[in-house]
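Worksheet: one structure, shown below.
Reminder, nothing fancy here: chain letters follow the sequence lines and each chain counts from 1.
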Amino acid sequence: MPVFEPLPPHLNLPAMEEEVLLRWHRERVFEQGLEQNRGGSPFVFYEGPPTANGMPGVHHILARSFKDCFLRYQQMQGRRVERRGGWDTHGLPVELEVERSLKLRSKQEIEEFGVEEFNRLCRSSVMEYIDEWEKLTNRIGFWLDMEHAYRTYDASYIESVWWSLKQIFDKGWLYRGYRVAPYCPRCQTSLSSHELGQPGAYRDDTPDPGVTIRFRLADEPDTSLLAWTTTPWTLPGNLALAVGRDISYVKVRQGGERLILAKARTEVLQGGYEVEEELTGADLIGLRYQRLFPFLPFQERGWRVLEADFVSTEEGTGIVHTSAVYGADDLRLCQEEGLEVMHTVGLDGRFLPFVEPYAGLFFKEADPVIQEDLRQRGLLYRQEQVLHTYPFCWRCETPLLYYALDSWFIRTTAVKQELLKHNSEVRWVPSHIRDGRMGNWLETLQDWNLSRARYWGTPLPIWVCPDCAREQCVGSFLELGLPEGTDPHKPFIDEVTLPCSCGGVMRRVPEVIDCWYDSGAMPYAQWHYPFENQERFRLGHPADYISEALDQTRGWFYTLLAESVMLFDQPAYRNVVVPSLVVDERGRKMSKSRRNVVDPWELLSKTGADALRWWFYTTVTVGQEYRISAQRVSESAVRFLNVLWNTQSFLVTYGNLAGWSPAGPRKVSRNPLDRWILARLEMTVRGVGAHLDSFDAHSACRAIEALVDDTSTWYLRCSRPRFRGAPEEAAEAFSTLWEVLCHTALMLAPFAPFISEAIYSELSQPVPGSPNSVHLARFPISQPERVDDSLVSEMEVVRHLVEDARGQREMRGVPNRQPLAGAVVVGANISQELLSVLAAEINVAQVSCSSPTVSRRPTIEIDFELTSELRKEGLLRAFIRQLQNLRKQLGLQPGQLVDLWVKAGSEVANVLDHRVDQLRSQCFLHGVHLVGEEDPFPRGLSAPREVVVQGMRVVLCLGPDGPDPLGSDAATSDGP
RNA sequence: CGGCCCGUAGCUCAGCUGGUUAGAGCGGGGCUCUUAUAAAGCUCAGGUCGCGGGUUCGAGUCCCGCCGGGCCGACCA
């Protein structure tokens with residue numbers, strides 16, 4: 001029985017992986033690993049919860065690949081690595097899916113449908129694709145405990161979130177404010193700035209009208225102030241105009257009228273004009289003008305020119321139309337002026353009834369109507385179309401408007417310095433994100449718009465007394481006296497009242513909270529902290545490691561940090577790896593409409609998970625885009641995984657043939673090739689460990705690639721004769737190769753969990769006491785005795801010299817198989833043992849070093865003179881090559897003995913006759929028969945093959961006609 | 001407008017704290033080696049390392065400016 005199980009001739013990665021998966025499942029390897037390290041020091045990982053109401057894509061595999069490799073590595077270092085999964089379950093995305101399936105169009109319709117049932121459907125739909133997620137997670141080898149996953153809709157989770165909000169409330173950081181925020185009129189809720197940071201929220205080249213309007217001066221109707229806007233629908237709400245005090249303005253005459261605008265913006269004037277007067281902003285401040293529309297109630301201080309610091313002359317006219325409630329600057333300015341502000345557009349995005357001509361019109365639809373109206377009244381000075389960036393709702397794609405309304409905010413600006421400080425303690429990979437994208441975001445931080453006027457979410461736990469307006473933030477279910485098992489969601493929670501100290505009845509505010517707050521709460525809420533698991537949380541915070549794609553900078557990375565800083569004055573994570581985005585082959589974003597979305601299952605079935613993972617780790621440095629295609633992924637697999645597998649296949653095939661087993665005693669080899677590859681192995685072990693310690697998967701994988709390349713293309717190539725040499729010598733070579741492959745598999749385990757498992761399990765299986773999975777083994781430790789820097793650098797020189805020699809042979813037209821007498825190395829001092837490696841590789845009998853002078857670029861001088869002995873030697877090599885080629889073509893296996901019949905001229909025959917023993921052993925021949933030129937070949941042989949050896953014609957025939965024909969089917973079947 | 005990343009051979013990308021004649025893979029031409037390899041190796045077709053300055057004995061590598069691509073913010077009245 002062979003020591004190693006023979007391998008299939010060609011590697012089928014997906015099939016191999018499926019087998020490994022079955023074994024892991026059968027033997028509960030994941031659970032064993034956790035069990036085994038129970039006593040180890042924890043390495044804390046947080047899983048960023050995905051929303052499982054959509055199919056997972058390749059970009060999810062990217063993030064999961066990076067999560068997995070460092071966790072596997074740490075586990076192999078003996079750390080206790082718990083990997084609790086989690087699901088993000090609340091929020092607009094979920095509601096939207098349900099609304100679509102129910103064909104509901106507005107909040108009103110949802111309320112008519114019934115919030116209780118609506119939320120029940122949200123709860124069930126959010127787990128719709130959970131199977132897909134679990135299947136994919138499993139298939140790519142990402143080990144995650146999904147059985148005990150946390151869910152943000154669990155009552156215990158919500159209670160922890162309430163607790164945290166109360167902490168924040170008590171510190172005075174949770175407040176209600178009348179603020180302008182991006183607002184979705186379809187979802188009828190405002191959005192936070194990090195929601196606007198979601199991909200696709202801002203769209204370039206959105207067409208909008210750009211209109212320049214005449215505002216006639218109250219006391220001088222022939223003179224108009226010109227103001228520009230891209231939102232005509234805000235004009236009925238105009239309350240003021242704003243100018244900059246130090247900006248230069250001009251009054252120009254054009255036809256019968258006078259126009260006032262910034263001096264720097266006269267380019268907007270149409271037709272000829274004459275400057276009548278130069279003014280400054282200060283001259284304009286306080287001027288009254290005729291209002292455009294009569295809808296807003298009159299107020300004494302309204303419709304005047306105000307001073308503002310935000311006016312620029314980049315575009316428009318240098319005079320800014322101000323509508324109070326549809327711009328952040330506008331609102332601030334009007335409130336400072338003590339103006340009464342009022343909406344002209346309702347929460348549904350439609351004009352309110354008192355704005356009579358437009359009542360009921362959707363704000364965007366009113367744009368052309370209003371323009372027409374103004375045109376007819378002679379107030380529209382200029383009309384054009386502008387293309388600019390405009391925000392849309394990140395889920396329902398409705399154009400947003402900036403809208404002032406009451407919202408609840410978290411005063412994140414109060415802890416800005418702490419956020420910056422704790423962020424600076426985090427190791428970001430790539431490092432530039434820390435001070436770049438993330439740092440920059442924190443510098444320009446706004447207060448967090450927390451409340452959402454929606455249904456499916458964590459209810460905002462604030463109760464208000466209608467009588468005395470007292471606000472109370474509730475931090476636990478106990479405070480409400482909720483019975484065990486009560487669903488804390490809407491609508492039930494809205495029924496719960498609290499007695500106020502003034503005697504009134506407090507009711508909860510109607511809002512739920514931003515679901516991003518939920519996910520940021522996972523470090524404590526997943527454990528129902530502080531109600532339970534206090535110790536567990538304390539030991540598990542901050543996380544040692546998290547990883548998500550780049551789009552989470554302002555998402556989860558931020559909410560984790562913000563909550564952790566506000567609640568615990570700590571960062572939430574110590575190390576964060578941020579892979580960039582996956583794009584298509586041509587560098588474009590993937591989108592359904594473009595039909596360039598790569599299907600993860602299709603990819604996995606073609607190339608397998610290891611290939612995809614490996615490609616993610618190696619193709620670019622983390623932080624660069626991943627331009628993916630099936631072809632690119634499989635190229636990387638062929639280049640690396642296949643070569644590795646072939647090396648493994650070599651060991652298995654020849655090890656079995658030689659009857660070698662790793663179970664026996666292994667002694668330290670003195671052979672230079674063995675010492676060299678072990679030194680390279682040691683270098684790699686050190687390098688890979690160091691890279692992984694600093695969360696650099698890319699460099700770690702590149703180092704492994706280099707080792708595998710050296711093993712296959714140099715170590716194995718040069719060592720080939722030794723594997724077939726004397727048993728003692730072969731054992732050394734097998735031992736070394738075995739050692740290198742085992743360690744390679746161990747280093748590879750975090751990255752390519754399947755192939756490393758296949759290789760390691762097979763190789764270690766004959767050795768009693770080996771772990772039964774590579775993932776239960778320890779990561780290789782450094783073995784300093786293997787270091788040999790001078791050998792490694794000397795080998796480097798030797799390899800260059802070999803290249804040099806091959807180049808020279810090529811130029812001279814002397815094939816490498818022609819043995820030559822000698823060569824001399826110039827400019828390098830090569831040890832005797834490596835000189836023999838060199839000699840063998842370039843096929844010369846002897847190599848020496850000419851002088852001890854060491855030059856930067858050593859060369860080799862070859863003696864190209866051919867003696868008759870060398871010629872004969874070359875002839876034999878050429879003959880053997882043709883013979884082996886024939887064997888391969890006939891499908892004969894190495895080791896399979898056959899007889900050889902040859903027709904050849906006297907020169908060839910003579911050489912064969914003298915070297916028949918070498919021929920027989922090297923080519924697995926039983927007998928060698930020379931056949932006369934005119935004689936026939938015996939029957940039952942392979943078809944005669946005519947070949948040319950050094951210009952001479954030779955006919956070969958192989959057959960089983962020896963006394964002991966071993967398994968010669970292949971040969972006979974081809975016979976005449 | 002601001003921040004960050006990228007711009008290296010036909011294509012995809014490496015090039016650490018500045019140091020010899022700038023690398024790999026794929027594709028193409030030529031050759032070689034070989035029963036582990038639907039392989040591999042060598043070699044050729046010669047990349048002003050986006051452009052322009054500067055620091056330095058020395059810069060793809062550091063600094064400044066510009067151009068181009070991408071991402072993210074701000075503005076978008």
Discussion item. Can you check the distance between B/rG15 and B/rA24, where both ends of the measurement are the C1' atom (answer in whole Å)?
Written reply: 10 Å
Response to the item:
Closest non-hydrogen contact found for A/Leu226 with A/Ile319 is O-CB, 3.3 Å
Practice prompt. Could you tell me whether A/Glu5 atom CD has more than 12 heavy atoms of other residues or ligands within 6.0 Å of it?
Written response: no
Show the atom names and distances, to 0.1 Å, of all donor-acceptor pairs under 3.5 Å that link a side chain in residues 432-439 of chain A to residues at least two apart or in another chain.
from	atom 1	to	atom 2	distance (Å)
A/Arg434	NH1	A/Ser424	O	3.0

Worksheet item: What residues form a ring-ring contact (aromatic ring centres under 6.0 Å, His included) with A/Trp233, not counting sequence neighbours?
Response: A/Tyr326, A/Phe363
Worksheet item: Using a cut-off of less than 4.0 Å, is there contact between a side-chain N or O of A/Arg720 and OP1 or OP2 of B/rU34?
Response: no
Item to complete: Take A/Arg799 and A/Asp710 through the test side-chain contact (heavy atoms from CB on, under 4.5 Å) and record every step on the way to the result.
Response: CA-CA 11 Å; A/Arg799 291 179 73 169; A/Asp710 278 350; 2.9 Å; yes
Worksheet item: Does A/Leu225 reach the side chain of A/Ile213, with side-chain heavy atoms less than 4.5 Å apart?
Response: no
Practice prompt. Using the C1' atom on both, measure B/rA14 against B/rU61 and round to a whole Å.
Written response: 13 Å
Practice prompt. Could you measure between the two P atoms, the one in B/rG30 and the one in B/rA45, and give it in whole Å?
Written response: 15 Å
Worksheet entry | Contiguous pairing runs of three or more, Watson-Crick or G-U under 3.5 Å, that involve RNA chain B | B:1-7 with B:67-73, B:10-13 with B:23-26, B:28-32 with B:40-44, B:50-54 with B:62-66
Fill in: Length of the line joining A/Phe640:CZ and B/rC26:P, which is rounded to integer Å
15 Å
Item to complete: Would you classify A/Thr619 as touching base, sugar-phosphate or nothing, given that sugar-phosphate means primed atoms plus P, OP1 and OP2, and contacts are heavy atoms under 4.0 Å?
Response: sugar-phosphate
Item to complete: Would you mind telling me which of A/Trp645, A/Phe723, A/Phe4 makes a ring pair (Phe, Tyr, Trp, His ring centres under 6.0 Å) with A/Phe650?
Response: A/Phe723
Protein and nucleotides 60-62 of chain B: nitrogen or oxygen contacts under 3.5 angstrom:
none

Discussion item. Could you tell me how far apart A/Tyr715 (OH) and B/rA36 (P) are, to the nearest whole angstrom?
Written reply: 15 Å
Discussion item. Does A/Thr621 contact B/rA14 through a side-chain donor or acceptor facing the base, at a distance under 3.5 Å?
Written reply: no
Discussion item. Between P on B/rC13 and CD on A/Glu625, what's the gap in Å once rounded to a whole number?
Written reply: 9 Å
Discussion item. Minimum heavy-atom separation for A/Ala805 and A/Ile842, please, with both atom names.
Written reply: CB-CG2, 3.6 Å
Practice prompt. Could you state the atom-to-atom distance from CH2 of A/Trp233 to P of B/rC76 in whole Å?
Written response: 13 Å
Worksheet item: Okay, side chain of A/Gln371, backbone of A/Asp367: is any donor-acceptor separation there less than 3.5 Å?
Response: yes
Restricting both atoms to N or O, compile the protein contacts to nucleotides 3-8 of chain B shorter than 3.5 Å, with distance only.
from	atom 1	to	atom 2	distance (Å)
B/rC4	O2'	A/His432	ND1	3.0

Worksheet item: How long is the line joining CD of A/Glu705 and C1' of B/rC13, in whole Å?
Response: 12 Å
Fill in: Integer-rounded Å distance: B/rA40 P and A/Glu841 CD
17 Å
Practice prompt. Provide, to the nearest angstrom, the distance between the NE2 atom belonging to A/His698 and the C1' atom belonging to B/rA24.
Written response: 11 Å
Worksheet item: Which value, in whole Å, describes the distance between the P atoms of nucleotides B/rG27 and B/rG41?
Response: 12 Å
Worksheet item: Does A/Ser712 or A/Thr231 map to a spot on RNA chain B nearer the 5' end, using the closest nucleotide for each?
Response: A/Ser712
Fill in: Gap in Å between the two P atoms, one belonging to B/rG52 and one to B/rC67, rounded
15 Å
Worksheet item: For A/Tyr402 and B/rC76, what is the distance between atoms OH and P respectively, to the nearest whole Å?
Response: 8 Å
Worksheet item: When all nucleic acid strands are considered with a 4.0 Å heavy-atom cut-off, which category describes A/Leu581: base, sugar-phosphate, or nothing?
Response: nothing
Worksheet item: Would you call the rings of A/Phe215 and A/His321 parallel, tilted or perpendicular, where under 30° means parallel and over 60° means perpendicular?
Response: parallel
Fill in: Pairwise P distance, B/rG25 and B/rA9 [rounded to whole Å]
16 Å
Worksheet, complete the sentence: Closest of B/rG41, B/rG73, B/rA14 to the A/Arg702 side chain is B/rA14
Discussion item. Roughly how many Å apart are B/rU8 and B/rG18, using the P atom of each and rounding to a whole number?
Written reply: 23 Å
Worksheet item: Can you check whether A/Glu841 reaches A/Trp714 side chain to side chain, under 4.5 Å on heavy atoms?
Response: yes
Worksheet item: Okay, side chain of A/Ser694, backbone of A/His691: is any donor-acceptor separation there less than 3.5 Å?
Response: yes
Discussion item. Just to verify, what does A/Tyr715 make a ring-ring contact (aromatic ring centres under 6.0 Å, His included) with, not counting sequence neighbours?
Written reply: none
Fill in: Nucleotide nearest A/Arg717 when distance is taken to its side chain, options B/rC33, B/rC13, B/rC72
B/rC33
Discussion item. Return whichever of A/Asn642 or A/Thr618 has its heavy-atom-nearest nucleotide of RNA chain B closer to the 5' end.
Written reply: A/Thr618
